[in-house]
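Below is one structure, written out as structure tokens; comments come after it.
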Amino acid sequence: MTLTVNALPRSTKLSAVLSAALLVSFTASAASAVSISPDDAPAQGPSDAKEVEAFADSFFNRADLGVPGAAIVIVKDGKVPLQKGYGFADVEKKQTVDPEGTVFRIGSVSKAFTATAVMQLVEQGKIDLDQDVQTYMDGLRIDSRFQEPVTMKHLLTHTTGFDFTEPKPGDISPDLDRYVPLKDYIAENMPTVVRKPGESYNYDNFASMLQGFIVQNVSGKPFHQYMDEQLFKPLGMKDSGFLMTPDVRSKLATDYGPDGKPLSPYAVSPTELPQGGMFATASDVAKFMIAHLNNGAYGGSRILQDATAADMHSIHLAIHPKVPQMTYGFETANKKSYNGRKIIGKGGNIGGFSSWMWLMPEQNVGGFIVSNKRTDLHVQWFNAFINHYYPKPAGPDVVYLQPTQAELARFEGLYSELRTKTSLTQVTAAQGAKLIVEAPGTGKQELRQIDDRLFKDADGNLLVFQENADKSIGYLQYRYELSTSKKLNVPKLFSDVRQEDGYASYISTLQLLNLAKGKADGTFGPAEPITRGEFAAQTAGLLFMTLSKKPAVFADTQNHPAAAAIQTLYELGVIQGSSQSAFEPDKPITRQEAAVIVARTIQLGGASPIDAKLSGHTDPWALDGVKQIVALGLYGPEVKEAADGSVDYRSQQPMLRQEAAALFARALSS
């Protein structure tokens with residue numbers, strides 16, 4: 001059977017909820033280069049301080065800067081030809097950005113610092129890169145479906161095989177006094193290993209958190225204390241740390257939202273956040289970059305031995321020899337914006353801040369930019385810098401291979417991104433030695449083969465396929481570089497769901513993503529009511545997060561198959577019980593109850609309520625939820641719009657399983 005499912009966009013209404021947790025990486029090829037090059041760049045790169053400043057000024061002194069403020073620093077040969085602030089650290093107070101005095105949250109750039117701490121302990125013989133990491137986890141255990149252990153190498157290269165790797169709603173809190181220990185957070189949120197460790201790449205915040213936890217356990221010191229003593233003090237990074245102390249708070253730049261308004265101060269969970277919680281000035285980061293470029297030495301201090309630094313900068317993960325991905329602590333890829341240069345880097349986004357740090361070991365050059373608003377300014381600056389100082393050298397024309405359509409057939413299929421799950425890429429072999437690829441946000445693209453398993457599109461973007469042990473194709477990576485996408489096995493449609501049914505495409509979409517569960521006899525029961533427990537389980541599944549391990553708050557959900565999902569949604573404030581002690585998980589859910597649950601889930605990501613014109617009867621407590629679902633069109637053919645534009649959502653009726661499938665599938669694809 002052939003199943004066609006439209007590729008779902010990356011920023012979907014439900015899966016985007018987790019992006020509010022704000023701890024993600026950044027890929028430098030995400031934006032086109034900005035051409036700001038008043039003069040020919042000097043052949044020696046960014047060495048002349050006046051020239052570098054003039055180039056930076058020409059880039060940043062624009063009306064469309066797009067951020068309140070930014071700090072940048074460039075290092076070369078152990079010197080700092082440029083460190084400068086632009087705009088305001090606080091717009092209302094007209095406080096300008098000072099690269100030496102303004103503190104920023106640097107998000108996932110923190111991961112490079114945490115990995116450096118790990119490697120310090122490796123060179124001391126206290127951590128073995130190939131040892132089962134549970135050895136260092138103070139008694140905590142990892143749930144795994146495989147005999148192969150997760151090692152520190154897997155943590156450093158983001159190849160753990162964890163099912164869920166991202167923060168969850170609630171990890172950002174306005175309670176600045178809340179303290180959440182690393183061990184407690186990890187114990188409550190430990191993911192499961194669902195792919196063989198080392199098999200596939202998926203950007204992994206949890207892996208970096210475990211690195212910091214292991215540093216704490218092995219060193220016998222709180223994570224923040226170890227970082228202070230072993231990295232920040234030796235490098236003279238006087239304004240850097242992983243705790244929001246009063247001194248940090250007084251120097252912290254005000255962060256701004258997309259509307260340009262200041263965001264409220266917030267704390268993170270766990271409080272010492274190894275994967276993204278670091279505070280620093282641009283001047284402090286410069287010292288770290290110089291130390292790495294100088295093989296671990298800075299001034300009279302040394303944070304790494306030469307061999308360890310070289311190991312950190314070496315490629316340890318590549319899906320293809322021409323497409324490197326990870327070192328230890330840094331990322332890299334064969335991006336067209338790199339102009340053929342070897343560049344390793346780390347970027348980050350965290351509420352109201354964006355940053356990017358890159359190193360060019362062969363040129364002994366590094367750069368860092370941070371802003372107090374989440375935009376792609378850091379991408380634009382990086383591309384402008386590279387194109388100005390290290391333009392792409394002339395080279396031979398690309399030679400395209402001429403595979404037959406039959407030879408290309410092995411690559412055909414539907415691929416699901418490991419990180420967001422709902423981002424699907426369709427690959428089809430075509431005549432003329434081409435692949436037709438339809439991926440989120442790209443439309444249909446024609447790609448031609450340039451090497452074994454390696455293809456290029458018209459814009460120069462690379463698509464690479466990864467083989468399984470039996471030489472079949474298992475994964476691909478294209479444009480989006482934060483994870484690979486796994487080739488899906490298209491399941492047989494449930495026996496009681498027909499292709500011509502108005503709900504078949506919705507049910508098959510959820511089935512394909514392993515989100516719709518059938519019965520033991522192979523049926524789905526599309527016209528049967530869905531229970532409150534089943535609906536809660538499906539809602540929680542669509543969040544792609546580790547379910548709560550806390551005891552069930554409702555007495556009647558203990559030992560129920562949906563207990564963990566119900567508890568998770570309760571903790572998120574998405575569901576309430578029918579009483580203080582009961583949830584009635586086996587009772588059919590009404591359509592208005594279902595609408596409220598999904599609307600609240602969507603609002604976890606910051607979405608505001610939306611009005612809609614309703615007819616029929618909806619209980620007052622459910623009006624906002626039903627209006628939101630109706631306004632977004634999250635329903636199937638059971639709902640019709642009247643001539644006057646009103647919609648009768650049939651709020652009082654039980655929701656059927658096929659109607660729930662339509663609700664969830666449309667939420668994911670809208």
Side-chain angles (χ1 to χ4, degrees), residues 111-165 182-183 186 190-221 223 226-227 230-231 274-275 292 295-296 303-321 323-332 344 346 418 466-469 474-475 483-484:
K111 291 179 173 66
F113 290 83
T114 298
T116 300
V118 168
M119 295 305 291
Q120 286 181 332
L121 296 170
V122 169
E123 70 180 17
Q124 295 171 27
K126 296 178 180 178
I127 293 177
D128 183 337
L129 290 173
D130 296 308
Q131 178 71 39
D132 186 335
V133 294
Q134 293 177 122
T135 304
Y136 311 113
M137 287 175 50
D138 196 20
L140 296 186
R141 309 301 295 174
I142 296 174
D143 183 19
S144 178
R145 302 175 186 175
F146 299 87
Q147 291 184 345
E148 294 83 358
V150 175
T151 68
M152 182 57 73
K153 254 180 205 177
H154 297 138
L155 297 184
L156 289 166
T157 58
H158 295 193
T159 55
T160 59
F162 286 148
D163 51 358
F164 305 123
T165 64
L182 258 174
K183 185 175 183 179
I186 290 171
M190 186 75 75
T192 299
V193 178
V194 296
R195 297 178 306 280
K196 182 179 176 181
E199 176 182 282
S200 55
Y201 167 73
N202 183 26
Y203 186 81
D204 198 330
N205 274 296
F206 204 90
S208 292
M209 187 190 310
L210 286 179
Q211 291 174 37
F213 179 53
I214 289 170
V215 166
Q216 175 174 284
N217 295 333
V218 171
S219 69
K221 298 178 179 179
F223 174 71
Y226 180 91
M227 300 300 285
Q230 303 302 319
L231 265 81
Q275 73 270 34
H292 262 277
N295 292 321
I303 59 170
L304 294 171
Q305 298 302 315
D306 288 3
T308 307
D311 196 26
M312 283 196 71
H313 304 161
S314 300
I315 302 302
H316 291 284
L317 178 69
I319 192 171
H320 186 280
V323 187
Q325 288 170 289
M326 290 286 296
T327 71
Y328 290 155
F330 301 94
E331 300 158 3
T332 183
I344 60 176
K346 193 73 206 70
L418 295 179
Q466 179 180 330
E467 291 179 332
N468 295 318
Y475 299 88
S483 80
T484 51

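We're numbering straight along the sequence, starting at 1.
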Next item on the list: Taking atom NZ of Lys196 as the centre, report whether more than 12 heavy atoms of other residues, nucleotides or ligands fall under 6.0 Å from it.
Entry: no

Mind listing the closest non-hydrogen atom pair of [X] and [Y] along with its distance?
{"X": "Glu148", "Y": "Pro197", "value": "O-CG, 3.6 Å"}
{"X": "Met119", "Y": "Leu156", "value": "SD-CD1, 4.1 Å"}
{"X": "Ile315", "Y": "Ala318", "value": "CG2-CB, 4.3 Å"}
{"X": "Leu317", "Y": "Thr159", "value": "CD2-CG2, 3.8 Å"}
{"X": "Asp138", "Y": "Phe213", "value": "CB-CZ, 4.2 Å"}
{"X": "Ser144", "Y": "Val193", "value": "OG-CB, 3.4 Å"}

Item checked: ring-ring contact (aromatic ring centres under 6.0 Å, His included) against Tyr475, all qualifying residues, sequence neighbours excluded -> none

Checklist line | Thr308 versus Glu123, side-chain donor and acceptor atoms under 3.5 Å | finding: yes

Gap separating the [atom1] atom of [X] from the [atom2] atom of [Y], nearest 0.5 angstrom:
{"X": "Asn202", "Y": "Thr484", "atom1": "CG", "atom2": "OG1", "result": "6.5 Å"}
{"X": "Met190", "Y": "Asp143", "atom1": "CE", "atom2": "CG", "result": "9.5 Å"}
{"X": "Asp132", "Y": "Asp130", "atom1": "CG", "atom2": "CG", "result": "11.5 Å"}

Notebook entry, point to check: Knowing that exactly one of Val133, Ile127, Val118 qualifies, which makes a side-chain contact (heavy atoms from CB on, under 4.5 Å) with Gln211?
Noted result: Val118

Item checked: Reference residue Met152; test side-chain contact (heavy atoms from CB on, under 4.5 Å); the match among Asp128, Ile214, Thr135 -> Ile214

Check: Where do His316 and Asp311 land on the side chain to side chain donor-acceptor pair (under 3.5 Å) test, with the steps shown first?
Finding: CA-CA 9 Å; His316 291 284; Asp311 196 26; 3.0 Å; yes

Margin query: I'd like to know if the side chain of Gln120 reaches the main chain of Ile303, judged simply by a donor and an acceptor atom lying under 3.5 Å from each other, with no hydrogens or angles considered.
Written below: yes

Item checked: Within residues 122-160 or reaching into it, pairs that qualify as ring-ring contact (aromatic ring centres under 6.0 Å, His included) - sequence neighbours excluded -> His158-Tyr203

